[in-house]
Amino acid sequence: MEDKSPSGDTIIFLGTAGARFTVLNQFLASGGIWLNLSGTEILLDPGPGCIVQSTKRKLRGQNLSAIILSHRHLDHSGDVNIMTEAMTQGGFKKRGRLFAPADALGTEPVIFSYLRNSLESIEILEAGKSYSIGDVSFTTPIRHIHPVETYGMLFRTGGYTFSYIADSLYFDGLCQSYGGELLIMNVVFLEPGRPVDHLTVPDARHIIAELKPKVAILTHFGTTMWKAKPWEIAEKLSQETGIKVIAARDGMKFELSQLDNA
Ligand SMILES: [Zn+2]
């Protein structure tokens with residue numbers, strides 16, 4: 001039986017695939033990140049397979065308080081409808097909140113209209129705004145550089161502060177906007193020079209060195225990262241920056257209490 005103690009703060013990586021090819025080939029699983037912060041369960045970026053990856057780990061959609069989408073791309077939102085059904089117990093119970101940028105809800109919404117009424121609320125993410133879910137608060141400090149409207153999040157729980165830097169091309173504002181003891185970062189590319197707006201390993205090295213978290217976790221790997229063995233890249237980044245860098249694995253569970261001895 002898995003430990004489901006409500007007092008712990010845990011982050012579960014349902015999948016570590018990022019961008020098109022690792023996701024559509026499922027070289028790595030996709031499905032987002034499941035947060036349990038002192039019993040408040042929040043789902044981040046439910047990409048394709050989230051329902052499979054979560055149920056097989058005995059994580060129950062009906063326990064979620066909220067689903068947050070950093071942006072509308074399919075690898076971040078593919079399972080938002082089924083996870084909304086799960087959160088609202090098949091649509092029969094009005095509960096749970098959905099947070100997403102305006103363009104994920106506008107002319108071509110990622111959420112089906114028949115599900116909207118089952119949600120307690122739908123809230124629009126905007127740059128510089130703060131939101132709260134139970135005892136957890138988060139801000140979306142800055143709009144990222146990405147083909148669609150995209151935000152990362154800076155979370156605050158009773159005991160910890162951590163950042164999730166979602167998809168973006170690198171720009172100086174990223175470093176100025178995030179912080180905390182833990183940094184989770186979507187690092188899609190090994191090297192610069194790709195046509196899509198994503199972070200690369202040199203960007204990750206720079207951000208880690210600037211922000212100096214206690215621990216940095218890399219995830220959302222594209223094919224070049226996957227082929228280069230993310231755990232070896234993480235080890236090299238640890239040596240270069242002097243900061244503990246971990247490459248997320250599919251299903252990896254990180255306890256925020258691990259930060260206390262980091
Ligand atoms: Zn994207």
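Just follow the structure's listing: the first ligand is 1, and inside any ligand the first atom is 1. The chain is numbered in sequence order, starting from 1.
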Does the separation of the ring centres of His146 and His73 fall below 6.0 angstrom?
yes

Ignoring hydrogens, what is the shortest heavy-atom contact between Ser30 and Pro48? Give both atom names and the distance.
OG-O, 2.6 Å

For the Zn ion (ligand 1), find the closest N/O/S atom belonging to Asp167 and write down its atom name.
OD2

Taking both backbone and side-chain atoms into account, decide whether His76 has an N/O/S atom under 2.8 Å from the Zn ion (ligand 1).
no

Within the 3.5 Å criterion, strictly below it, is a donor on Glu210 or Tyr178 matched to an acceptor on the partner's side chain?
no

Restricting to N/O/S, name the atom of His73 that gets closest to the Zn ion (ligand 1).
ND1

Looking at every non-hydrogen atom in both residues, tell me the closest pair between Gly159 and Glu181 and how far apart they are.
O-OE1, 4.0 Å

Nearest N/O/S atom of His71 with respect to the Zn ion (ligand 1), by atom name, please.
NE2

